[in-house]
Q: 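Before we start, here is the structure in question, set down as structure tokens.
This structure is a prediction, so every number in the text was calculated from the model and none was measured. Sequence positions, counted from 1, serve as the residue numbers for this chain.
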Amino acid sequence: MDLIHEEKIIIVEGKSDKKRIQEVINEPVHIICTNGTISVTKLDELMEDIMDKEVYILVDADSSGEKLRKLFKREFPEAEHLYIDKMYREVASAPHHHIATVLLSANIDIHSHYL
């Protein structure tokens with residue numbers, strides 16, 4: 001697995017979630033896609049790379065997102081969980097200003113025009 005240099009890491013489900021977050025953030029943050037699921041082996045590899053980092057979990061407000069969130073709560077309790085409003089359901093379809101507000105609450109620098 002790649003060596004991660006950024007101090008902050010956001011774990012998302014898919015590429016469209018990653019793209020949406022990249023549009024909003026204004027600092028170097030490593031965004032990791034799980035593609036909806038993650039194997040125990042891949043999770044173990046990931047954990048080694050992210051141990052000393054600030055890790056945020058931002059997944060969809062649906063059943064697959066909740067499953068993933070439960071897995072991370074159990075396997076990586078140090079991670080901070082960020083939540084989008086249930087009315088948007090998916091990170092990728094949440095408005096930029098909503099994602100900006102969620103990320104800002106975690107002290108992640110965002111482009112101010114999204115507020």
Q: Rounded to the nearest 0.5 Å, how far apart are CD of Glu75 and CG of Leu46?
A: 11.5 Å
Q: With sequence neighbours excluded, tell me which residues meet side-chain contact (heavy atoms from CB on, under 4.5 Å) with Ser112.
A: none
Q: Can you find a pair of side-chain heavy atoms, one from His81 and one from Arg69, that are under 4.5 Å apart?
A: yes
Q: Below 4.5 Å, heavy atoms only, C-beta onward: do Phe76 and Met51 meet side chain to side chain?
A: yes
Q: For Glu13, is there any backbone N or O sitting under 3.5 Å from a side-chain donor or acceptor partner on Lys18?
A: no
Q: Report, as yes or no, whether the 6.0 Å neighbourhood of atom NZ on Lys73 holds more than 12 heavy atoms from other residues, nucleotides or ligands.
A: yes
Q: How many angstroms lie between atom NZ of Lys67 and atom CG of Asp60, to the nearest 0.5 angstrom?
A: 13.0 Å
Q: Distance check, rounded to the nearest 0.5 Å: Ile84 atom CD1 versus Glu90 atom CD?
A: 7.5 Å
Q: Using the rule that two of Ile, Leu, Val, Met, Phe, Trp, Tyr join whenever any of their side-chain heavy atoms come within less than 4.5 Å, decide whether Ile21 and Ile38 are in one cluster.
A: no
Q: Does the side chain of Ile9 reach to within under 4.5 Å of the side chain of Ile32, using non-hydrogen atoms?
A: yes
Q: Taking all non-hydrogen atoms of both residues into account, name the closest pair between Tyr83 and Leu58 and its distance.
A: N-CD1, 4.3 Å
Q: Quick one: do Val102 and His98 satisfy side chain to side chain contact (heavy atoms under 4.5 Å, CB included)? Show the steps, please.
A: CA-CA 6 Å; Val102 169; His98 180 65; 4.0 Å; yes
Q: Could you tell me whether the side chains of Glu54 and Tyr56 share a donor-acceptor contact shorter than 3.5 Å?
A: yes
Q: Against Thr101, only a single residue in Leu115, Ile110, Asp85 fulfils side chain to side chain contact (heavy atoms under 4.5 Å, CB included); can you say which?
A: Leu115
Q: Does Arg20 reach the main-chain N or O of Ala94 with its side chain, forming a donor-acceptor pair under 3.5 Å?
A: yes
Q: Report the C-alpha separation of Ile108 and Glu27 in whole Å, then their side-chain angles, then the decisive distance to 0.1 Å, and conclude whether the side chain to side chain contact (heavy atoms under 4.5 Å, CB included) test is met.
A: CA-CA 7 Å; Ile108 294 172; Glu27 69 173 293; 3.7 Å; yes
Q: Determine, for Glu6 against Lys53, whether the closest basic-nitrogen to carboxylate-oxygen distance falls under 4.0 angstrom.
A: no
Q: Parallel under 30°, tilted from 30 to 60°, perpendicular over 60°: which one fits the rings of His96 and Tyr114?
A: parallel
Q: Does one hydrophobic cluster hold both Ile57 and Ile10, with members joined at side-chain heavy-atom distances below 4.5 Å?
A: no
Q: Compare every heavy atom of Asp52 with every heavy atom of Glu7, then report the nearest pair and how far apart it is.
A: OE1-O, 4.0 Å
Q: Distance check, rounded to the nearest 0.5 Å: His111 atom NE2 versus Leu103 atom CG?
A: 11.0 Å
Q: Shared ILVMFWY cluster between Val59 and Met47, side chains joined below 4.5 angstrom?
A: yes
Q: Side chains of Ile50 and Ile11, heavy atoms from C-beta outward: is any pair under 4.5 Å?
A: yes
Q: Within a strict 4.5 Å, meaning less than it, do heavy atoms of the Leu68 and Thr34 side chains meet?
A: yes
Q: Under 4.5 Å between side-chain heavy atoms, counting indirect links through other Ile/Leu/Val/Met/Phe/Trp/Tyr residues: same cluster for Leu104 and Val91 or not?
A: yes
Q: With a 4.0 Å cut-off, would you call Glu23 and Lys19 a salt bridge?
A: yes
Q: For Ala106 versus Glu80, what's the shortest heavy-atom pair and its separation?
A: CB-OE2, 4.1 Å
Q: If we ignore hydrogens and angles and just use 3.5 Å, is the side chain of Asp44 paired with the main-chain N or O of Thr41 as donor and acceptor?
A: no
Q: Quick check: is Ile25 connected to Leu82 through a chain of hydrophobic side chains (ILVMFWY, heavy atoms under 4.5 Å apart)?
A: yes
